Amino acid sequence: MGTLALAIHGGCGVMAKLDLSEEEWAAARVDLGRALKAGWDVLTSGGAALDAVEAAVVVMEDSPHFNAGYGAALNTEGRHELDASIMDGRTLEAGAVTLVRRIRNPVKAARKIMEHGDALLLGGPAADAFAEQAGLAMVEPDYFTTERRTKALAAMKAHAAAGTAAKASEAEKHGTVGAVALDGEGHLAAATSTGGYNNKPDGRIGDTPIIGAGTYARDGACAVSGTGKGEYFMRYAVGHEVASRIAYLGESLEAAAAKVIQHDLKQHDVGAGLVAVGADGSITAPYNTDGMFRGWVTPEGDFYVATHAQVFHIQPE
Ligand code: ASP
């Protein structure tokens, strides 16, 4: 078996330490560890990178600590409209859903769409219906609602009324989850899932379901999953841009990702981060905000999770 690697994120932002209690930060780190373990177990048992990223994202979608699946953000109408995508770096096949309201794990629907093969991206009620027909678990829309997101929506509406929306804390605004992996056969994959940002316009679609923007994987180059203001990730085609810098300029994974996050997006004052894995198993997780929920497993099997600058070496449970 060749080199294995896995990295995940659970969104970036200002993440003021006082916004959450120590217990809540710790609980989020535990769920990052569980997501890593789910993905790593797939890789170490000879599974595909595609299965590993899906497994890791499902754990974070089911966790209330991240803005995807259970615990997703609410839009201006107080509704959840969820986006997700997945990409196989081996074949360049991809699948995505947007504006879905009833699929418990949107990343699983993205995978089913990819396998079905007719369309790459399905949206709205048709995507919900596709998932139901495919036998995926369906829920009532209020399944996704948590007290934290209801409060965040109220806070964002108050900011909007006072004309201070731009100053709202990043935690009030957005978040996303994602995973990237390299498997023992040398194949790369990426997956991303989000509720978008709090108080987003009804019908707004971000970068997460857009292949080449929020999610991208190509064998020989890299796999990328992003978090931050989706409009800019689309304008810079971030995932594809990182892969292109590696392929065309010969840049390292770290240099290519840093250029996009610390220069291209930062110059617009856009809070952004990503996780990426290279064809050689290199891992990078840059962000230009105060923190990013993130974690990775090195090719040696060492597990790391972090929310801010401090990185914790953990033992998977
Ligand atoms: N990228 C996501 C979106 O724009 C949100 C985020 O990651 O914060 O929908």
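Treat the numbers as computed from the prediction; the structure is a model and nothing was measured.
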Exercise for the section: Look only at the side chain of Asp128 and the backbone of Arg102, and say whether a donor-acceptor pair between them is shorter than 3.5 Å. Expected result: yes
Fill in the blank from the handout: Of all heavy-atom pairs linking Gly33 and Val305, the shortest is N-CG1, 3.9 Å
Problem - Distance-minimising heavy-atom pair for Ala285 and Tyr287 - result: O-CD2, 3.6 Å
Exercise for the section: Evaluate the side-chain proximity of Lys157 to Thr76: yes if any heavy-atom separation is below 4.5 Å, no if none is. Expected result: yes
Handout entry: Heavy-atom donor-acceptor pair, Asn198 side chain to Ala73 backbone, under 3.5 Å
Key = no
Problem - Test item: Ile8 and Leu32 side chains (from C-beta on) under 4.5 Å apart, heavy atoms - result: yes
Problem - Asp88 bridged to Arg218 by N-O distance under 4.0 Å - result: no
Problem - Side-chain heavy-atom pair Trp296, Val311 within 4.5 angstrom cut-off - result: yes
Exercise for the section: State yes or no: do Val58 and Val177 share one hydrophobic cluster built from I, L, V, M, F, W and Y residues joined by side-chain heavy-atom distances below 4.5 Å, directly or via other members? Expected result: yes
Exercise for the section: Check Leu188 against Gly278 and note the closest heavy-atom contact, atom names and distance. Expected result: CD2-O, 3.8 Å
Handout entry: Contact summary for Glu81 and Lys200, nearest pair of heavy atoms
Key = O-NZ, 2.7 Å
Handout entry: Connected via hydrophobic side-chain network under 4.5 Å: Met60 and Phe303
Key = yes
Exercise for the section: Report yes or no: do Phe293 and Leu6 belong to one cluster of Ile/Leu/Val/Met/Phe/Trp/Tyr joined by side chain heavy-atom distances under 4.5 Å? Expected result: yes
Problem - Contact check, side chains of Glu231 and Arg204, non-hydrogen atoms, under 4.5 Å - result: yes
Problem - N/O donor-acceptor pair under 3.5 Å between Thr215 side chain and Ile211 backbone - result: no
Handout entry: Arg148/Glu24 under salt bridge (charged side-chain N to carboxylate O under 4.0 Å, His left out): CA gap, chis, key distance, verdict
Key = CA-CA 12 Å; Arg148 192 188 300 168; Glu24 287 171 311; 3.8 Å; yes
Exercise for the section: Determine yes or no for a side-chain-to-main-chain donor-acceptor pair under 3.5 angstrom, with Asp183 supplying the side chain and Leu43 the backbone. Expected result: no
Practice task
Examine distances only and state if a side-chain atom of Gln262 and a backbone atom of Lys259 form a donor-acceptor pair shorter than 3.5 Å.
Solution key: no
Exercise for the section: Spell out, yes or no, whether Val42 and Leu36 are grouped together once hydrophobic residues are joined by side-chain heavy atoms under 4.5 Å, including indirect joins. Expected result: no
Completion exercise
In terms of heavy-atom contacts, Ala223 and Ala190 come closest through CB-CB, 4.2 Å
Exercise for the section: Ignoring hydrogens and angles, tell me if any N or O in the side chain of Arg104 forms a donor-acceptor pair with the backbone of Val139 under 3.5 Å. Expected result: no
Practice task
Without swapping roles, check the side chain of Arg294 against the backbone of Met292 for a donor-acceptor pair under 3.5 Å.
Solution key: yes
Exercise for the section: Could you tell me the separation between the CZ atom of Phe66 and the NE2 atom of His9, rounded to the nearest 0.5 Å? Expected result: 11.0 Å
Problem - No-hydrogen, no-angle side-chain donor-acceptor test under 3.5 Å, Asn105 and Asp62 - result: yes
Exercise for the section: Check whether more than 12 heavy atoms from other residues, nucleotides or ligands sit under 6.0 Å from atom CD of Glu185, and answer yes or no. Expected result: no
Exercise for the section: Ignoring hydrogens and angles, state whether a donor on the side chain of Thr192 or Ser85 is under 3.5 Å from an acceptor on the partner side chain. Expected result: no
Practice task
Give the cluster check for Val275 versus Val242: same hydrophobic cluster or not, with ILVMFWY residues linked at side-chain heavy-atom distances below 4.5 Å.
Solution key: no
Problem - Close side-chain approach of Thr44 to Leu4, heavy-atom, < 4.5 Å - result: yes
Practice task
Check Val277 against Leu182 and note the closest heavy-atom contact, atom names and distance.
Solution key: CG1-CB, 3.8 Å
Handout entry: Centroid-centroid distance, His116 to Phe130, less than 6.0 Å
Key = yes
Exercise for the section: Please answer whether the main-chain N or O of Asp264 pairs with a side-chain N or O of Gln267 as donor and acceptor at a distance below 3.5 Å. Expected result: yes
Exercise for the section: Check whether any side-chain heavy atom of Thr176 lies under 4.5 Å from a side-chain heavy atom of Ser193, and answer yes or no. Expected result: no
Exercise for the section: Without swapping roles, check the side chain of Asp83 against the backbone of Thr194 for a donor-acceptor pair under 3.5 Å. Expected result: no
Exercise for the section: Would you mind reporting whether Thr150 and Thr145 have side-chain heavy atoms less than 4.5 Å apart? Expected result: yes
Exercise for the section: Could you tell me whether Glu254 atom CD has more than 12 heavy atoms of other residues or ligands within 6.0 Å of it? Expected result: no
Exercise for the section: Compute the centroid of each ring, for His268 and then for Tyr236, and state whether the two points are separated by less than 6.0 Å. Expected result: yes
Problem - Over-ring placement of Arg29 relative to Phe312, 6.0 Å and 45° cut-offs - result: yes
Practice task
Evaluate the side-chain proximity of Asp269 to Lys229: yes if any heavy-atom separation is below 4.5 Å, no if none is.
Solution key: no
